[in-house]
Amino acid sequence: MGFLIRLLVNALALYLLTLVYSGVRFTPGADVVGVILAALVLGIVNALIRPVLLLLSLPVNVLTLGLFTLVVNAVVLWIVAGVTVLDVAGFGAAFIGAIVLAVISWALDAAVGALGLDGQRS
């Protein structure tokens with residue numbers, strides 16, 4: 001049940017991102033299934049590819065005091081856009097979109113946690 005809630009939160013976060021920031025959008029004609037599939041791909045890329053990218057960029061990340069993680073997050077969003085109905089205007093749009101997506105996801109995670117829907121016992 002937690003996986004399904006997390007998937008729906010990611011899908012809602014991606015959808016809200018496209019409403020808030022015009023540099024990231026869904027292709028015309030994208031339906032709910034496309035949005036959920038994009039959220040699923042985002043979760044898979046975050047789980048499998050992002051740790052490898054962070055490990056490979058560790059020296060640069062240390063030199064920039066962790067700010068290079070923002071670039072890695074932009075690359076992850078760009079990868080997701082490459083294989084789903086998500087459309088990103090360019091790397092700059094992916095960079096800003098990744099920051100906005102992180103803020104939206106944080107707010108949604110906090111709301112889900114406050115409502116007790118995350119499955120965590122308090």
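Quick note: residue numbers are just sequence positions, from 1.
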Quick one: salt bridge (charged side-chain N to carboxylate O under 4.0 Å, His left out) pairs with a partner in [range], sequence neighbours left out?
range           : result
residues 6-20   : Arg6-Asp109
residues 91-108 : none
residues 8-18   : none
residues 70-85  : none

With sequence neighbours left out, what residues match Leu55 under side-chain contact (heavy atoms from CB on, under 4.5 Å)? none
Please list, chain by chain and in numerical order, all residues satisfying side-chain contact (heavy atoms from CB on, under 4.5 Å) with Leu67, sequence neighbours excluded.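 Thr64, Leu70.
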List, by chain and then residue number, the residues other than Leu56 in its hydrophobic cluster (Ile/Leu/Val/Met/Phe/Trp/Tyr, side-chain heavy atoms under 4.5 Å); write none if there are no others.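 Val52, listed by chain and number.
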Members sharing Leu58's hydrophobic cluster, built from side-chain contacts under 4.5 Å between Ile, Leu, Val, Met, Phe, Trp and Tyr, are Val62
Side chain to side chain donor-acceptor pair (under 3.5 Å) partners for Thr69, two or more places apart: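 Thr69 satisfies side chain to side chain donor-acceptor pair (under 3.5 Å) with Asn61 only.
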Who are the side chain to side chain donor-acceptor pair (under 3.5 Å) partners of Asp87, not counting sequence neighbours?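 For Asp87, the residues satisfying side chain to side chain donor-acceptor pair (under 3.5 Å) (neighbours in sequence not counted) are Arg25.
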Are the side chains of [X] and [Y] in touch, meaning some heavy atoms are under 4.5 Å apart?
X     : Y     : value
Phe68 : Leu54 : no
Thr84 : Phe26 : no
Val85 : Asp31 : no

So if you build clusters from Ile, Leu, Val, Met, Phe, Trp, Tyr with side-chain heavy-atom gaps below 4.5 Å, do Val32 and Leu7 land together? yes
If two hydrophobic side chains count as joined below 4.5 Å and joins carry through other members, does Leu19 share a cluster with Val88? yes
Which heavy atom of Tyr21 sits nearest to which heavy atom of Gly92, and what is that distance?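 Here Tyr21 and Gly92 meet closest at OH-O, 4.3 Å.
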Side-chain atoms of residues 36-50: list all donor-acceptor pairs with protein atoms under 3.5 Å, sequence neighbours left out, distances to 0.1 Å.
residue: Asn46; atom: ND2; partner: Leu42; partner atom: O; Å: 3.4
residue: Arg50; atom: NE; partner: Asn73; partner atom: OD1; Å: 2.8
residue: Arg50; atom: NH2; partner: Asn73; partner atom: OD1; Å: 3.2

What distance separates Ile96 CD1 from Ser22 OG, expressed to the nearest 0.5 Å?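 Rounded to the nearest 0.5 Å, the CD1-OG separation comes to 9.5 Å.
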Euclidean distance, Leu4 CG relative to Leu8 CG, rounded to 0.5 Å: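 Going from the CG atom of Leu8 to the CG atom of Leu4 covers 4.5 Å.
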Trace of the side chain to side chain contact (heavy atoms under 4.5 Å, CB included) decision for Val60 with Val71: CA-CA 11 Å; Val60 177; Val71 174; over 6 Å; no
For Tyr15, does the OH atom have more than 12 heavy-atom neighbours from other residues, nucleotides or ligands under 6.0 Å away?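 Counting other residues, nucleotides and ligands, OH of Tyr15 stays at 12 neighbours or fewer.
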Identify all side-chain donor-acceptor contacts of residues 99-108 below 3.5 Å with residues at least two apart in sequence or on another chain.
residue: Ser105; atom: OG; partner: Leu101; partner atom: O; Å: 3.0

